[in-house]
**Q** 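Quick one: the structure is below, and I'll ask about it shortly.
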Number of protein chains: 2
Amino acid sequence: MMSAQSVLDSSIRARIQRTPLFSAWPEGAFAALLEQARVRRLDLGEILFHEGEEARAFYFLLDGEVDLISLGAGGREKIVEIIQVDDLFAEAVAFLGGRYPVQAAAGLASTVVEIPFAPFMTTLQGNQELMPQMLARLSMRLHYLIKELRHLSMESANQRVASYLLDLCPAGGECVEISLPAKKAAVAARLGLTPETFSRVLGRLRKAGLLRVDKRSLQIPDPQALRRWADSG
Amino acid sequence: MMSAQSVLDSSIRARIQRTPLFSAWPEGAFAALLEQARVRRLDLGEILFHEGEEARAFYFLLDGEVDLISLGAGGREKIVEIIQVDDLFAEAVAFLGGRYPVQAAAGLASTVVEIPFAPFMTTLQGNQELMPQMLARLSMRLHYLIKELRHLSMESANQRVASYLLDLCPAGGECVEISLPAKKAAVAARLGLTPETFSRVLGRLRKAGLLRVDKRSLQIPDPQALRRWADSG
DNA sequence: GATGCGGCTTGATCCCGATCAAGAAATTGC
DNA sequence: GCAATTTCTTGATCGGGATCAAGCCGCATC
């Protein structure tokens with residue numbers, strides 16, 4: 001079930017314009033683009049777009065949580081990325097031959113802004129000074145996927161969980177408290193693990209004194225020790 | 001050990017210009033770029049660039065074979081891609097923050113053309129009509145990595161080998177005979193498998209009558225049957 | 001409080017692919 | 001041609017994580 005409305009209030013527009021992709025856009029072009037955008041509400045579990053479906057729009061997540069999921073034979077699925085509030089997603093699909101390469105499903109009841117590709121691409125072609133920003137976006141995704149590939153293909157469950165937790169820490173410093181971006185089963189899928197294994201790894205970390213767990217919020221008393229534990233075990 | 005020479009003969013220039021990335025380049029800019037390029041010869045096993053190293057150039061493979069390798073803890077390594085003759089590689093690194101995200105090593109004695117980024121980027125910035133081609137290149141790599149991720153995270157050894165073999169077939173039709181692009185150990189690493197497992201899977205396929213193996217050349221009598229075998233088993 | 005349900009943990013067992021260990025076959029060197 | 005080295009195959013065992021199967025906890029509803 002979905003609903004759409006045609007007017008975006010100015011605070012929403014401001015949030016979208018704050019993304020790196022749009023911050024350099026001339027005001028006129030940006031306003032014209034958002035003319036065509038619509039707000040959509042998604043129920044928990046609702047599918048925003050399917051893998052292989054013709055791609056007509058990309059999205060900005062206002063509220064809730066959306067999972068990008070790659071489907072395999074026999075119902076197997078891997079969460080490629082958990083999209084967070086204020087993230088733009090699927091914009092790179094504009095150059096990927098017109099089909100979504102993954103599925104997007106709401107992990108919670110959510111709200112997204114749907115921005116059609118057609119006017120976006122037209123503006124991009126007419127203002128080529130905007131292209132470097134688009135190249136930068138694509139490069140970030142490339143980088144992200146290369147890292148993912150490394151994690152999946154040569155790290156153990158322990159190492160993957162540890163790296164993931166450390167990545168959640170704000171850069172560098174002490175990260176006493178962090179919180180999981182989604183329910184544990186989704187995080188497990190994001191890491192390519194079953195919920196059971198994920199739970200066991202957290203248990204191991206807890207017993208080793210490297211982690212305190214309370215519901216979805218975690219404390220890492222000594223990040224460096226965690227890093228060392230991952231590198232050795 | 002390496003040697004460099006400064007003049008590129010015209011047949012080499014023609015091969016490079018035939019790549020999609022350069023086919024739209026104005027003759028003058030292309031010639032100026034290749035002024036700065038150099039030929040390098042690599043011994044078997046020689047490392048062209050290391051992971052994390054500052055990126056100053058990208059490459060065109062004239063002859064031999066180069067493997068892009070991602071390194072993990074404890075000497076573990078995964079071949080991300082096996083570069084073939086007449087492929088351009090590492091050009092996307094221009095936008096990836098100035099460091100190579102993987103290592104490149106010669107899988108055979110090889111010859112590459114080394115093309116520095118500086119003049120390349122300058123030309124790109126001065127001729128923004130060339131950017132769409134660059135976007136297309138990045139998108140292809142994105143697409144490739146998404147596929148890789150899917151294969152690695154949710155397919156069995158059997159399925160990965162079968163998909164890989166089918167991908168080697170020229171599009172669609174009968175592909176009676178194909179040949180592995182590298183020695184079996186390298187192909188196994190590309191698939192995220194040990195040589196032993198790869199050998200066993202080929203053996204299984206042989207016994208099932210789905211494959212004939214002779215050295216490095218393979219015959220697939222019935223591609224559709226192979227596809228079915230992968231989808232079921 | 002009882003009941004039910006979804007999310008999480010814990011335990012027992014299984015299976016795929018890695019690892020260890022020989023051999024066989026192909027390639028190279030003399 | 002024959003030895004030496006590398007590449008590939010085959011077999012035996014091992015182990016990490018999946019799967020199967022209960023139980024547990026927090027929370028909602030009545």
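Proteins get letters first, then strands, A, B, ... in listed order; numbering begins at 1 in each. From a predicted model like this one, the values you see are computed outputs, not experimental measurements.
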**Q** Identify, with sequence neighbours excluded, every residue that meets side chain to side chain contact (heavy atoms under 4.5 Å, CB included) alongside B:Leu149.
**A**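 B:Leu149 satisfies side chain to side chain contact (heavy atoms under 4.5 Å, CB included) with A:Val80, A:Leu145, A:Glu148, A:Leu149, A:Leu152 once adjacent residues are dropped.
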**Q** If the condition is salt bridge (Lys or Arg N to Asp or Glu O under 4.0 Å), which residues does A:Arg200 pass it with, not counting sequence neighbours?
**A**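 In terms of salt bridge (Lys or Arg N to Asp or Glu O under 4.0 Å), with neighbours along the sequence ignored, A:Arg200 is linked to no residue.
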**Q** Can you give me the bend angle of the helix from C:dG1-D:dC30 to C:dC30-D:dG1? Use the axis through the first five pairs and the one through the last five, nearest 10 degrees.
**A**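 The helix from C:dG1-D:dC30 to C:dC30-D:dG1 shows an end-to-end axis angle of 30°.
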**Q** Heavy atoms under 4.0 Å is the rule here; annotate nucleotides 25-30 of chain C 5' to 3' with B where the base is hit, S where only the sugar-phosphate is, and - elsewhere.
**A** --S---
**Q** Could you tell me which residues satisfy side-chain hydrogen bond (donor to acceptor under 3.5 Å, both in side chains) with A:Lys147, sequence neighbours excluded, listed by chain and number?
**A**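 Listed in chain order: A:Asp167.
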**Q** Can you tell me how far C1' of D:dC8 sits from CG of B:Asp214, to the nearest Å?
**A**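 Rounded to whole Å, this separation is 13 Å.
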**Q** Please list residues of residues 153-162 of chain B whose heavy atoms come under 4.0 Å from any atom in DNA chain C, ordered by number; otherwise none.
**A**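 DNA chain C contact set from residues 153-162 of chain B: B:Ser156, B:Ala157.
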**Q** Looking at D:dG16, I'd like to know if its phosphate oxygens (OP1 or OP2) sit under 4.0 Å from a side-chain N or O belonging to A:Arg204.
**A**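 Looking at the OP1 and OP2 atoms of D:dG16, neither is under 4.0 Å from any side-chain N or O of A:Arg204.
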**Q** What residues form a salt bridge (Lys or Arg N to Asp or Glu O under 4.0 Å) with A:Glu65, not counting sequence neighbours?
**A**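 Testing A:Glu65 for salt bridge (Lys or Arg N to Asp or Glu O under 4.0 Å), a comparison that skips the adjacent residues, returns none.
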**Q** Treating primed atoms plus P, OP1 and OP2 as sugar-phosphate and everything else as base, which nucleotides of nucleotides 8-13 of chain C get B, S or - for protein heavy atoms under 4.0 Å?
**A** SSBBB-
**Q** Under the salt bridge (Lys or Arg N to Asp or Glu O under 4.0 Å) rule, collect the residues that match up with A:Glu77, sequence neighbours excluded.
**A**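 Once residues adjacent in sequence are excluded, A:Glu77 has no partner under the salt bridge (Lys or Arg N to Asp or Glu O under 4.0 Å) criterion.
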**Q** Could I get the full list of salt bridge (Lys or Arg N to Asp or Glu O under 4.0 Å) partners for A:Arg227, not counting sequence neighbours?
**A**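 A:Arg227: no salt bridge (Lys or Arg N to Asp or Glu O under 4.0 Å) contacts found.
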**Q** Does A:Phe49 have any ring-ring contact (aromatic ring centres under 6.0 Å, His included) partners at least two apart in sequence or in another chain, and if so, which?
**A**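 So A:Phe49 forms a ring-ring contact (aromatic ring centres under 6.0 Å, His included) with A:Tyr59, A:Tyr100.
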**Q** By side chain to side chain contact (heavy atoms under 4.5 Å, CB included), which residues pair with A:Arg228, not counting sequence neighbours?
**A**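 Expected list: A:Asp222, A:Gln224, A:Ala225.
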